[in-house]
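Working notes for the structure below.
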Protein chains: 2
Amino acid sequence: MTEKRVRPAKRNGPATRTEMTDRQFSLISKALAAPRRYEILAEISRRQCATPCTCLSETQPISPATLSHHMKELENAGLVRIERQGKFANLTLQRDVLRAYLDRLASL
Amino acid sequence: MTEKRVRPAKRNGPATRTEMTDRQFSLISKALAAPRRYEILAEISRRQCATPCTCLSETQPISPATLSHHMKELENAGLVRIERQGKFANLTLQRDVLRAYLDRLASL
DNA sequence: TTGACATTTCGATGATTGTCAAACTGAGGA
DNA sequence: TCCTCAGTTTGACAATCATCGAAATGTCAA
């Protein structure tokens with residue numbers, strides 16, 4: 001699980017083209033294939049700042065174990081970043097990565 | 001399997017907004033989750049006209065049975081249209097549907 | 001009609017996956 | 001220290017899925 005993944009662009013100018021490996025493309029496709037994970041993404045995207053895990057727990061009718069699993073999948077695909085602070089975990093949508101994914105699909 | 005699905009826009013003007021149900025969104029997500037199906041889509045999108053099934057058969061290292069299965073999944077998701085003429089089947093990418101899918105993902 | 005060919009359907013199989021309960025870890029308050 | 005709370009890990013189970021071989025269907029030409 002130690003592979004290159006698309007990370008948020010780092011001051012490369014305004015119109016950065018984020019590259020994406022076939023591997024990550026596939027990971028994202030699979031991550032989006034579970035409706036529950038899309039819901040989680042939707043919830044996260046609704047907020048300005050990072051979304052606390054607990055919020056998701058209130059919205060999604062799933063066990064903590066399952067939520068944790070989905071969070072890991074989304075992080076692994078590069079779609080979210082998880083900041084851990086003490087007991088808490090906060091999720092941020094990685095819009096760069098999502099955009100790179102969409103760009104690739106759009107070029108079909 | 002008798003549900004409303006996004007169909008190619010029919011003379012609604014140049015900037016038609018294609019609607020999409022949650023159900024179809026989910027079907028498309030799942031259809032795209034299999035790398036093999038993405039490859040099939042990529043192959044189809046490379047051609048101007050409809051792609052004969054036989055062409056895919058040459059490109060994709062899978063049995064006819066499996067190819068047929070994937071074709072059905074893509075058709076069911078609305079991503080391709082299959083024209084059957086006698087013995088043959090020709091596939092066309094439904095760009096309207098793909099665009100509608102991308103639009104929805106982009107609005108996250 | 002007979003045979004060759006394109007595609008589909010059926011049945012089975014191995015792999016992946018979404019889910020949970022239970023046990024675990026780690027942080028912070030009393 | 002002890003307890004509670006947030007989140008993770010583990011192990012299990014049922015469901016879904018990609019794949020195949022074999023048999024079936026349907027088309028066309030000889």
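- Atom P of nucleotide D:dT8 and atom CZ of A:Phe88 are separated by 13 Å, given to the nearest angstrom.
- Phosphate proximity of C:dT9 to B:Lys72: present, with a side-chain N or O under 4.0 Å from OP1 or OP2.
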Apply side chain to side chain donor-acceptor pair (under 3.5 Å) to A:Ser63 and A:Thr66, showing your working. CA-CA 5 Å; A:Ser63 74; A:Thr66 304; 3.1 Å; yes
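- Salt bridge A:Arg81/A:Asp96: absent, no basic N to carboxylate O contact under 4.0 Å.
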Protein-nucleotides 19-21 of chain C N/O pairs closer than 3.5 Å?
unit_1	atom_1	unit_2	atom_2	d
C:dT19	OP1	A:Arg36	NH1	2.8
C:dT19	OP2	A:His70	NE2	2.5
C:dC20	OP2	A:Ser63	N	2.9
C:dC20	OP2	A:Ser63	OG	3.2
C:dC20	OP2	A:Thr66	OG1	2.8

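- The nearest whole Å value for the distance from the CE atom in A:Met71 to the C1' atom in D:dA6 is 10 Å.
- Atom pair A:Gln60:CD and D:dA6:P shows a separation of 18 Å (rounding to whole Å applied).
- Across the protein-nucleic acid pair, B:Arg84 atom CZ and C:dT9 atom C1' stand 13 Å apart, rounded to whole Å.
- Nucleic acid contact for B:Thr54: sugar-phosphate only, since backbone atoms but no base atoms lie under 4.0 Å from a heavy atom of the residue.
- Within the 4.5 Å cutoff, the side chain of A:Gln85 has heavy atoms near those of the A:Asn90 side chain.
- For the residue pair A:Tyr101 / A:Ser29, a side-chain donor-acceptor distance below 3.5 Å is found, with atom types taken as modelled.
- Rounded to an integer number of Å, the gap from A:Lys87 NZ to D:dC3 P is 16 Å.
- Looking at A:Leu41 and A:Leu32, their side chains come closer than 4.5 Å, going by heavy atoms from C-beta outward.
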Any chance you could lay out the side chain to side chain contact (heavy atoms under 4.5 Å, CB included) test for B:Ile28 and B:Val97, step after step, and finish with the verdict? CA-CA 9 Å; B:Ile28 295 179; B:Val97 179; 3.5 Å; yes
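- Remark on DNA chain C: of its neighbouring residues A:Gln85 and A:Glu73, the 5'-side contact belongs to A:Glu73, judged by nearest-heavy-atom nucleotide.
- With rounding to whole Å, B:Leu56 atom CG is found 17 Å from D:dT19 atom C1'.
- A:Glu83 places its CD atom 17 Å from the C1' atom of C:dA27, with the value rounded to the nearest Å.
- Rounded to whole Å, atom P of C:dT9 lies 10 Å from atom CD of B:Glu75.
- Salt-bridge formation is not detected for the pair B:Arg36/B:Glu43: no Lys NZ or Arg NE/NH1/NH2 atom is positioned less than 4.0 Å from an Asp or Glu carboxylate oxygen.
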